[in-house]
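Contents: one structure, followed by commentary.
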Amino acid sequence: MMRVDAIHLKQVLKVFCSHYRYAPVQAIAILLGIILAVTLFVSVQAINDNAKRSYAQSTEPLSARAESLIIPAVGREYFSEEVYFTLRKAGISNLLPVLEGKVRDETGRRWGLQSVDLVAAINSQQLSQSRSSQSGYDSSLFSTGMPLGDLLSGEPIVLMSSAQVSSMGGLESSVFNDISVDIVRVPDEVGLGSRMLTDLSFGQTLLNASGKLSYIAIFEKDVKHVAGIVGDDGQWIMNNQAAELGTLTDSFHLNLTAMSLLAFIVGLFITYNGIKYSLIKRQKLMVQLQQVGVTPTALVYALLSELAILVAIGTILGFVLGIQLSHVLYPTVAMTLEQLYGATLLPGEWQGIWFFQALAFTSITLLVASWQHFRQAINQPLSSHTGFYQKPASMSSHQLVICALLLTGIGVAGLWQSEHHRWTMAWLGVLIVAIPLYIPYSLLFLTSLCEKRVRVGLWQYLFNELRELISPMSHAMMALLLAVTASIGMSTLVGSFESTLKSWLDQKLHADMYISAPAETISQLEQQLLRVDGVEKVYKQYSAEATLLGLPIIITSKDKASLEATTVFKERARQFWSHFYSGDMVAISEPTAIKLGLNLNSTITIDALKQSNVKVGAIFYDYGSPNGEVMIAPKIWFENGFNQRPDSLGLSTSSNINELKDDLIKRLDLNPNQMFDQAEIKSIALMIFAQTFSITRALNVITLMVAVVGLFTTCLMLIDARRAAIARLFALGVGRESLMALMVGQILFLVLFTLLIALPIGIFVGYVLTEVITLRAFGWSLEFILSWSNIFFIVFMTLVVSITATLLPIWRLVNRPLMVSLQSEVL
């Protein structure tokens, strides 16, 4: 019996291959859905995994991963390099002194600079080969072609990643802080990102920080005793950079994952539609095979084998394309993460596990979805006959609605009860998956409603046939619904974010101009500005790093005028300002309050403050800072020994802002790029934060294109089923132009009906993303704003793209020879 089944299986597979040779569009539709789904899934998986690998392998420049760090005492920017020599004398030899800072090139652009002791870096690298084994980077960096001798002697040389040098046009030299510097390329695997690297001695000269260090990396374990050696100049901490970056970027990666899963589902809808249509077209063939003696078991095995082959081919092609797409998107992700969170990503690597994940997900999902149709295909009566639009019996539209209502109830209840953004995103996903199940019933209802209100004729025929088309096109419409819903939701989120940020910046930026200058000259610059005609007032801002309940925070302070003019409160206690200036209360940012569960009048302890317990007197809005923020009064700032040099200066003027810029350039020898007016700062801020959503929007557009491709393949597959009906209309005197308009009109109404359903769902998704998920994930309260112009643009573009995509299949159908189409009715 098993041998007979094996023979039957072989013969049935040959028949199925012949079927696909005769109807290649069906195989192409199935493969295309798998390829598109896997491509988006693998590309985002590669981006996320490579980013997390970079966090885990984050190392010191040209060296290994540090076990712990010596950083400056709270409120200080640097500490003396004598601390490094003291640690060496104490017998701790595996150390790396690092100096960090910003330099300006001759155009005024700011660059991040890292300076290290190259000898110490080489020694630590030789003691730990973890970096070379994981990233492919080893000590050969210091061999042929590398001017190691010149670097060690303090020559004006900086190292930059190959990609960064290429983006600068391949420059071999430049001027930084008025010093001519040679630029040397190093492999991207070194992990410099957009920063520069040089030897410590030259770096101290370039940054005008002689004898200063930013931190010391310690590569030995169990060296807690160094805390007593360091004294008051610095503090010893464990290196938790990977965990901190992972926490900061968690919402960013979750956003990408959600979009990739949505695209994956859209692609699987297309695949499922292709599989179902292929079974519809083979119903008669299935009956004939069983009539000649093929066993149902052999048919099931043949269908499963066919599905396995198609999934394997589609996954292989999708995996290759996904890796390529990740290489295209990865630089943008790296730039976004570096600018927002200071995370440097290593070059991307591909892993075979992504292929097997995609293969497993695709196989299991399609098998579960198609199993019912497989059974129906082999269990149909041997005397059955199929019509053009007939399909295997499946759940009715009423059953789908009941299932959709059940999932909707679960999703809404989950959204109501969930507190964490991950669970909120998951419940929103359940809700989004439930929405397409309403499509068949909704389209039937809308079509019947229109059919009752049109006159007899082609309009009546349009809606009458449209009711028959809903079933074979329902899955393409489901995919389109998901894509449009995501587009509207994301557009609403981005629009709300942009509007809220603009409003916040308008309140935050009260000075007419802001000036950034090196730390060593900013105090002198403050006095000079007060003597310039046209400068009415100078504002100052201070900041220092600290921790609060284990959360990295920034302690800030400003002059009194700036504090009261620029702080945008969410809530505050009565008589807050008097308590604030006396030091009894502090103000915290909204993200800090949410992450730590703090409210008004909560008592907190900040190690950097002499006063042990202070109350939270106000919570203020803050957008974009990856760290929490605590604001203290200027008097408290100075009493606690923080740096008395401001980080930046602002000034107000009644003069023309451009004339004042020119005057400051002449009088104080300032670079134009050191001065920013309000409009310029707003544009820079909006540009940076827009990058947070750039990848998501790119994936959103790709997802919409995937859905439109599904619509195209569905129309292409329906050509054979519709050609006889179209030919009869032509024979009855309906012209080709009218037939073309009729069929385009049917697609237009289907897409319009789908958009009508997608609009309220997309707005609701946008509301949840804006009001719930963004608040829980980032701690940002955004004003929910509907941009109808953006929504109508999405609707218009969807209509245009959908109609354009279906014109070719419709044109082919209408222009087929009349006799050939009529003959197909009796074949």
Side-chain angles (χ1 to χ4, degrees), residues 55 69 71 74-75 235 237-255 340-343 417-425 500 504 508 542-558 563 566-574 576 579-580 583-633 636-637 640 642 692 770-782:
Y55 306 153
L69 304 170
I71 62 174
V74 175
Q235 52 183 323
I237 61 171
M238 295 300 296
N239 185 14
N240 297 317
Q241 183 181 5
E244 291 172 0
L245 286 175
T247 301
L248 287 174
T249 60
D250 179 64
S251 299
F252 180 85
H253 294 299
L254 180 62
N255 201 15
L340 291 182
Y341 305 107
Q417 295 295 328
S418 64
E419 295 293 336
H420 193 273
H421 68 275
R422 280 188 174 274
W423 281 108
T424 306
M425 187 76 81
T500 303
W504 179 73
K508 195 77 173 173
Y542 308 86
S543 67
E545 296 181 355
T547 58
L548 173 61
L549 300 176
L551 179 73
I553 63 167
I554 303 294
I555 299 180
T556 64
S557 187
K558 303 175 183 177
L563 282 170
T566 65
T567 307
V568 186
F569 291 107
K570 180 181 181 181
E571 53 183 340
R572 59 174 168 171
R574 292 182 178 179
F576 164 71
H579 291 292
F580 175 77
D584 299 329
M585 288 184 175
V586 297
I588 63 174
S589 65
E590 184 187 26
T592 308
I594 291 175
K595 290 177 182 177
L596 298 178
L598 300 175
N599 300 300
L600 286 185
N601 296 318
S602 294
T603 301
I604 59 175
T605 299
I606 304 176
D607 295 338
L609 299 181
K610 295 177 182 178
Q611 188 174 349
S612 57
N613 295 317
V614 291
K615 283 188 175 182
V616 175
I619 298 174
F620 59 89
Y621 291 111
D622 181 34
Y623 302 102
S625 175
N627 295 318
E629 184 174 333
V630 174
M631 188 181 297
I632 62 177
I636 309 303
W637 176 273
N640 281 270
F642 289 110
T692 306
T770 303
E771 294 282 350
V772 181
I773 292 179
T774 302
L775 179 62
R776 293 174 182 172
F778 297 97
W780 299 342
S781 294
L782 302 182

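Everything numeric here is computed off the predicted structure, so don't read it as measured data. Numbering of residues begins at 1 and proceeds along the displayed sequence.
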Shortest non-hydrogen contact from Ser557 to Ala633? OG-C, 3.5 Å

Could you walk me through whether Leu600 and Lys615 satisfy the side-chain contact (heavy atoms from CB on, under 4.5 Å) test, starting with their C-alpha distance in whole Å, then the side-chain angles of each, then the deciding distance to 0.1 Å, before giving a yes or no? CA-CA 8 Å; Leu600 286 185; Lys615 283 188 175 182; over 6 Å; no

How long is the gap from CG on Asn640 to CG on Leu609, to the nearest 0.5 Å? 5.0 Å

Which residues pass the side chain to side chain contact (heavy atoms under 4.5 Å, CB included) test with Asn599, not counting sequence neighbours? Ser602

With side-chain contact (heavy atoms from CB on, under 4.5 Å) as the test, would you mind laying out the steps for Trp780 and Thr500 before giving the verdict? CA-CA 10 Å; Trp780 299 342; Thr500 303; over 6 Å; no

So which atom in Ala618 and which in Arg572 form the shortest heavy-atom distance, rounded to 0.1 Å? CB-CB, 3.6 Å

Identify, with sequence neighbours excluded, every residue that meets side chain to side chain contact (heavy atoms under 4.5 Å, CB included) alongside Ser418. Trp423, Thr424, Trp427, Arg776

Rounded to the nearest 0.5 angstrom, the CG-CG distance for Asp584 and Asn613 is 11.5 Å

Ser781 to Lys570 - nearest heavy-atom pair and separation: OG-NZ, 4.1 Å

Any donor and acceptor pair, going by atom type alone, linking the side chain of Thr592 with main-chain N or O of Glu629 inside 3.5 Å? yes

Which value, rounded to the nearest 0.5 Å, describes the distance between Thr556 atom OG1 and Ile632 atom CD1? 8.0 Å

On the 0 to 90° scale, with breaks at 30° and 60°, tag the Phe569-Phe576 ring pair as parallel, tilted or perpendicular. perpendicular

Straight-line distance of Ile619 CD1 to Glu590 CD, nearest 0.5 Å: 8.0 Å

Can you name the nearest heavy-atom pair linking Ser589 to Asp622, along with the distance? CB-CB, 3.8 Å

Considering all heavy atoms of both residues, which atom of Ala593 and which atom of Ile588 are nearest to each other, and what is their separation? CB-CD1, 3.7 Å

Examine distances only and state if a side-chain atom of Tyr621 and a backbone atom of Leu782 form a donor-acceptor pair shorter than 3.5 Å. no

Measuring from Met631:CE to Ser543:OG, what's the distance to the nearest 0.5 Å? 11.5 Å

Are Leu596 and Ile604 close enough, and set up right, to give a side-chain contact (heavy atoms from CB on, under 4.5 Å), and what steps lead you there? CA-CA 10 Å; Leu596 298 178; Ile604 59 175; over 6 Å; no

Closest approach of Ile555 and Trp637, non-hydrogen atoms and distance? O-CZ3, 3.5 Å

Working to the nearest 0.5 Å, report the span between NZ of Lys558 and CG of Leu563. 6.5 Å

